[in-house]
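For reference, the structure discussed in these notes is given below.
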Amino acid sequence: MGKSIVIIGAGIAGLSAGCYGRMNGYDTRVFELHDKPGGLCTAWKRKDYTVDGCIHWLVGTNPSSNFNRIWRELGALQGKEVVNHEVFIRFEGTGGRFFDLYTDVDRLERHMKELAPADTAIIEEMTGAIRAIGRVDMPLPKPREVSSPFDGLKMLPKMLPLMRPLMKYRKISLRAFAERFTDPLLHEAFTGIFDLPDFPLLAFLFTMAWLNNRDAGYPVGGSLEFSRAIEGRYLDLGGEISYSSAVEKILVEGGRAVGIRLSDGSEHRADIVISAADGHATIFDMLEGKYADDKIHRRYDSMPIFEPLVQVALGVASELRDEPQTVSFPLPSPIEIAGQKHERMQVINHRFDPVQMPEGKTVLITTFMTEYLYWEKLYDDRDRYKEEKKSIADAVVTAIEGRFPAVTGRIEMVDVATPITYKRYTNNWQGSFEGWLLTTTNMGESMIKGMDMTLPGLEGFYMIGQWVKPGGGLPPAAQSGREVIQIICHKDGRPFTTTE
Ligand SMILES: Cc1cc2nc3c(=O)[nH]c(=O)nc-3n(C[C@H](O)[C@H](O)[C@H](O)COP(=O)(O)OP(=O)(O)OC[C@H]3O[C@@H](n4cnc5c(N)ncnc54)[C@H](O)[C@@H]3O)c2cc1C
């Protein structure tokens, strides 16, 4: 019999580790606090509508890309239709003009030049960089624990075309780049599309390259179906999952993790423990902060995270067929949430996933980044918390009726999720929806080195998921589950094998 592994959390990282563990003959058991798989990659039913809580774009959907192999191994996409949007987002400027962020780079370039002929040089520089990045299909990297300098050398020729854009843009934010557009609409759009002050230009360029390669589509059926497909693969491989099982403590004996204790007091021992749950709770609660050195303290004290979200979803008895799938528009009067004024709103019209709503209807979803502590305090007074949710919902309905008059009188469902919702259902630190914020400071480091999956002084223990992959997202979560089993196989002196 193979060694036993306990995995905390049935999010995408935990399920992935479970699948690869089973493919390599380990005896795996996942403990999940919720009653379903997926973690943040989830959806919920409200009346006849499905509110999707996650996937907008999934890297690795093109069957010919290297990353697609991981999704095939996890059984995540087989048999699913993938939608590749023509326009990623329509940005309506304050001056009345609009800009379509086409996913096809040639079309994007033509559109931008029509809008802003004076900015031709900067437009061509940007689209040139997207094309250059898109020509490189990133090989699946081996974790550094199992790779040799020779592996690095082998990768080098494939990565060479990336060197120029990486060196040139590695310290530049999208906002700083936006300053170079003289056209007011393009300047406004590139400042506002990713509403994060230090969002790296490179992250935007990579995203556009994947979209142009039709490698960042949307799997029809949505987020929970995607998670359930991986859960199905894990169960088919003979893995075990225990739901409604909150891990309270990681058991350590003589500097080695030997199992876990659940909140019901039961203990489950294993040769190896992998936490695919929230990083902060793992280090500071389940392990009581005993294995956190200065570096880890500094990280959790000061490294920025993706702020949590307020998400408002509306079920509408109209398809809004002529509207773009995602539109960002300026609000006639700002919406105030947790003391922060939001001057524009971005709405996704989910009609591209007909499985999620009755025929002829749609779900509109909008999200706002917000401050966690405000919501934590508010939640102590449940009536005020509910009133705040209602008042945000009312403001969103008014704004949406203003922008899409056809929905007036046709809204059949309103659903509001707050940072408390995300915290309660996934236990993510401060309700964060994607872990560590990607910035111009950590982008290079995270791409080249990644964060440690182990803790100092603790044997037989690994951490995976979005809290060890800055920038978060589903592909890094799945990749970290694969990498951890590669490392464990390497330590055990056995070959790492995968099946599809
Ligand atoms: C609105 C939204 C949109 C997003 N859009 C995209 C997108 O378009 N593309 C993309 O790639 N990514 C997207 N993401 C990000 C992506 O969902 C996450 O980065 C990814 O799902 C993280 O996976 P994970 O397995 O690392 O963590 P999680 O999903 O947080 O999984 C952790 C699991 O551990 C469980 N757990 C926690 N504590 C315990 C405990 N004590 N005991 C037992 N179990 C525990 C949780 O319940 C959870 O199931 C989005 C996220 C959100 C919220």
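Treat the numbers as computed from the prediction; the structure is a model and nothing was measured. Atoms within a ligand are numbered from 1 in the order they appear, just like the ligands themselves.
Atom 53 (C) of ligand 1 has as its closest protein heavy atom Phe433 CB, 3.4 Å. In this structure, the protein non-hydrogen atom closest to atom 9 (N) of ligand 1 is Trp57 O, 2.9 Å. Looking only at protein heavy atoms, the nearest one to atom 49 (O) of ligand 1 is Glu32 OE1, 2.6 Å. Ranking the protein heavy atoms by distance from atom 30 (O) of ligand 1 puts Asn428 ND2, 2.7 Å first. Of all protein heavy atoms, the one closest to atom 43 (C) of ligand 1 is Leu33 N, 3.3 Å. Taking atom 22 (C) of ligand 1 as the reference point, the nearest protein heavy-atom neighbour is Gln466 OE1, 3.4 Å. The protein atom (non-hydrogen) at minimum distance from atom 31 (O) of ligand 1 is Gly11 CA, 3.5 Å. Counting only heavy atoms of the protein, atom 5 (N) of ligand 1 lies nearest to Cys54 O, 3.1 Å.
You'll find the ring centres of Phe433 and Phe306 inside the 6.0 Å limit.
Taking only nitrogen or oxygen atoms, main chain and side chain alike, His56 reaches within less than 3.5 Å of ligand 1. Not one N or O of Ile8 is nearer than 3.5 Å to an N or O of ligand 1, by distance alone. At under 3.5 Å, not a single nitrogen or oxygen of Gln311, backbone or side chain, sits near a nitrogen or oxygen of ligand 1. For ligand 1, the polar-atom distance check against Tyr422 finds no nitrogen or oxygen pair separated by under 3.5 Å.
Glu86 places none of its side-chain heavy atoms less than 4.5 Å from the side chain of Gln325.
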Decide ring-ring contact (aromatic ring centres under 6.0 Å, His included) for His297 and Phe284; before the verdict, give the C-alpha distance in whole Å, the side-chain angles of both, and the deciding distance to 0.1 Å.
CA-CA 10 Å; His297 276 287; Phe284 297 104; 5.4 Å; yes
Step by step, work out the ring-ring contact (aromatic ring centres under 6.0 Å, His included) result for Tyr379 and Trp375.
CA-CA 6 Å; Tyr379 194 62; Trp375 288 96; 9.5 Å; no
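The closest approach between any non-hydrogen atom of Gly435 and ligand 1 is not below 4.0 Å. Distances from ligand 1 to the non-hydrogen atoms of Ala246 include at least one value under 4.0 Å. Heavy-atom distances between Leu58 and ligand 1 stay at or above 4.0 Å for every pair. Using a 4.0 Å heavy-atom cutoff, Trp467 is absent from the residues neighbouring ligand 1. Ligand 1 lies nowhere less than 4.0 angstrom from a heavy atom belonging to Lys469.
Proximity to Phe31 (heavy-atom distance under 4.0 Å) selects the following atoms of ligand 1: 43 (C), 44 (N). The atoms of ligand 1 that sit less than 4.0 Å from any heavy atom of Ser245 are 42 (N), 43 (C). Short contacts between ligand 1 and Glu434, defined as distances under 4.0 Å to a heavy atom of the residue, involve ligand atoms 13 (C), 14 (N), 15 (C), 19 (O), 50 (C). Of all the atoms in ligand 1, the ones that sit under 4.0 Å from a non-hydrogen atom of Gly465 are 26 (O). Applying the 4.0 Å criterion to heavy atoms of Ile55 picks out, from ligand 1, the atoms 8 (O). Taking every non-hydrogen atom of Pro475 and a distance limit under 4.0 Å, the qualifying atoms of ligand 1 come out as 11 (O). Interface of Val247 with ligand 1, defined as ligand atoms under 4.0 Å from a residue heavy atom, comprises 40 (C), 41 (N), 42 (N), 43 (C). Listed by number with element, the atoms of ligand 1 under 4.0 angstrom from any heavy atom of Tyr425 are 47 (O).
Using a 30° and 60° split on the angle between ring planes, Phe190 and Phe204 fall in the perpendicular class, above 60°. Under the 30°/60° scheme for interplanar angles, the aromatic rings of Tyr425 and His34 are found to be tilted. His85 and Phe352 have perpendicular rings, their planes meeting at more than 60° on a 0 to 90° scale where under 30° would count as parallel.
Distance alone, capped at 3.5 Å, places no donor-acceptor pair between the Asn428 side chain and the Gly435 backbone. Asp100 places no side-chain N or O within donor-acceptor distance of the main-chain N or O of Val87, the cut-off being under 3.5 Å. Remark: the backbone N or O of Thr440 is paired with a side-chain donor or acceptor of Asp198 at under 3.5 angstrom. A donor-acceptor pair under 3.5 Å is formed between the side chain of Ser223 and the backbone N or O of Ile55. For the pair Ser4 (side chain) and Asp271 (backbone), a donor-acceptor distance under 3.5 Å is present. Counting only distance, with no hydrogens or angles, the side chain of Ser227 and the backbone of Cys41 share a donor-acceptor pair below 3.5 Å.
Met23 pairs in a side chain to side chain contact (heavy atoms under 4.5 Å, CB included) with only one of the listed residues (Arg233, Arg482, Glu500), which is Arg233. Glu323 pairs in a salt bridge (Lys or Arg N to Asp or Glu O under 4.0 Å) with only one of the listed residues (Arg351, Arg403, Arg90), which is Arg403.
Contact annotation for Thr367 and ligand 1: no heavy atom of the residue comes within less than 4.0 Å of the ligand. Contact annotation for Glu248 and ligand 1: no heavy atom of the residue comes within less than 4.0 Å of the ligand. By the criterion of a heavy-atom distance under 4.0 Å, the backbone of Ala276, and not its side chain, is placed next to ligand 1.
Surrounding NZ of Lys290 are at most 12 heavy atoms belonging to other residues, nucleotides or ligands under 6.0 Å away.
In this structure, CG on Asp353 lies 3.5 Å from OH on Tyr218, to the nearest 0.5 angstrom.
Among Ala477, Ser16, Gly472, Pro476, the residue whose heavy atom sits closest to atom 23 (O) of ligand 1 is Ala477.
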